[in-house]
Amino acid sequence: EQTMWDRMLENIINSLIINIKNVHIRIEALTNIQNYIGIGVIISSIKVYNVNNKGEKIILIEDQSSFYKKVTVENFGIYADTNSCEMLNEDNSSFKVKMIESITNNQHQFILNPFSFEGIFQRNQESKLGSTFSMNSDKIELSIDHNQYKGIQILTNQYRLFCKQRIFSHCGRPDRPPRSERSSTL
């Protein structure tokens with residue numbers, strides 16, 4: 001049985017409209033003395049709004065037993081730049097400009113080439129499946145080269161060492177991650 005708070009939260013989610021533009025998430029790490037690897041996700045826009053069972057845009061949902069949301073994502077891509085330079089510098093305004101410009105920049109080494117898709121999210125209260133999402137896209141291209149793979153391996157290793165350091169941080173040592181797996185087990 002639903003409480004008043006459950007119904008209120010459900011009504012908020014049912015009438016939620018999302019419109020997000022220019023998403024760029026980037027992680028940079030030093031792979032050796034001079035090279036950085038930059039791994040990132042770019043999305044030009046995300047739009048989510050209510051539709052009826054025919055796919056037509058609506059404002060209010062009449063039938064509370066099920067609802068449909070149309071999700072449109074434009075230019076979603078994942079990259080791993082193996083020979084990049086550090087983006088961060090002293091001037092925060094130029095950093096923001098660089099990040100926004102690189103969303104449409106085709107100079108990235110894409111693992112998942114940018115593509116657009118749209119889909120319908122359907123939630124049915126009476127169905128045992130609960131929720132479904134069906135997606136349409138023209139094509140999805142994946143590719144990874146040796147340098148990207150090695151860079152992702154290095155980042156994964158650095159993250160693992162960071163997690164190991166975090167586990168033992170309450171002991172007061174070590175104050176920096178170990179240089180290698182071998183030195184962390186001694």
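Predicted model only: the values in this text are computed from it and were never measured. Computed from heavy atoms alone, side chains included, the values below leave out hydrogens, waters and symmetry copies.
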Do Val73 and Val48 land in one hydrophobic cluster if side-chain heavy atoms of ILVMFWY residues count as linked below 4.5 Å?
yes
Check for me, please, whether Ile111 and Tyr159 land in the same ILVMFWY cluster - side-chain distances under 4.5 Å, paths through other members count.
no
CZ (Arg160) and NZ (Lys164) are apart, to the nearest 0.5 Å, by 6.0 Å
query: Counting heavy atoms not belonging to Ile27, are there more than 12 under 6.0 Å from its CD1?
result: no
Closest non-hydrogen contact found for Gln109 with Asp145 is NE2-OD2, 3.9 Å
- Item | Heavy-atom side-chain proximity of Ile42 to Asn75 below 4.5 angstrom | no
Using a 3.5 Å distance criterion without hydrogens, assess whether the side chain of Lys69 forms a donor-acceptor pair with backbone atoms of Leu16. yes
Distance alone, cut at 3.5 Å: any donor-acceptor contact between the side chains of Lys47 and Asn19?
no
On a heavy-atom basis, the closest approach of Phe76 and Leu112 is CE2-CD2, 3.4 Å
| request: Answer yes if Phe133 and Ile18 sit in the same cluster of Ile, Leu, Val, Met, Phe, Trp and Tyr residues linked by side chain heavy atoms under 4.5 Å apart, and no otherwise. | output: yes
Note: Ile144 and Gln148 closest approach over all heavy atoms is CA-OE1, 3.3 Å
query: Which of parallel (below 30°), tilted (30 to 60°) and perpendicular (above 60°) describes Phe121 and Phe67?
result: tilted
- Task: Output, in order, the C-alpha distance, side-chain angles, deciding distance and verdict of side chain to side chain contact (heavy atoms under 4.5 Å, CB included) for Leu155 and Ile39.
- Result: CA-CA 9 Å; Leu155 267 180; Ile39 294 180; 3.0 Å; yes
In this structure, CG of Asp81 is separated from CG of Asn147 (nearest 0.5 Å) by 12.0 Å
Hits for ring pair (Phe, Tyr, Trp, His ring centres under 6.0 Å) against Tyr149, two or more places apart or cross-chain, chain-then-number order -> none
- Check the hydrophobic clustering (I, L, V, M, F, W, Y; side-chain heavy atoms under 4.5 Å; chains of links allowed) and say if Ile78 and Ile25 are grouped together. yes
Verdict with supporting geometry, Val41 and Val23, side chain to side chain contact (heavy atoms under 4.5 Å, CB included): CA-CA 8 Å; Val41 174; Val23 177; 5.8 Å; no
Same apolar cluster: Tyr49 and Tyr68, side chain cutoff 4.5 Å: yes
Between Ile37 and Gly151, the two heavy atoms sitting closest are CD1-CA, 3.3 Å
Heavy atoms of Ser116 and Glu74 approach each other most closely as OG-CA, 3.4 Å
* To do: Can you label the angle between the Phe110 ring and the His108 ring as parallel, tilted or perpendicular, going by 30° and 60°?
  => perpendicular
Correct closest heavy-atom pair for Phe117 and Ser137 would be CB-CB, 3.8 Å
To the nearest 0.5 Å, atom OH of Tyr79 lies from atom CG of Asn113 at 14.0 Å
**Study point:** Within-4.5 Å side-chain heavy-atom neighbours: Lys70 and Glu118
**Key:** yes
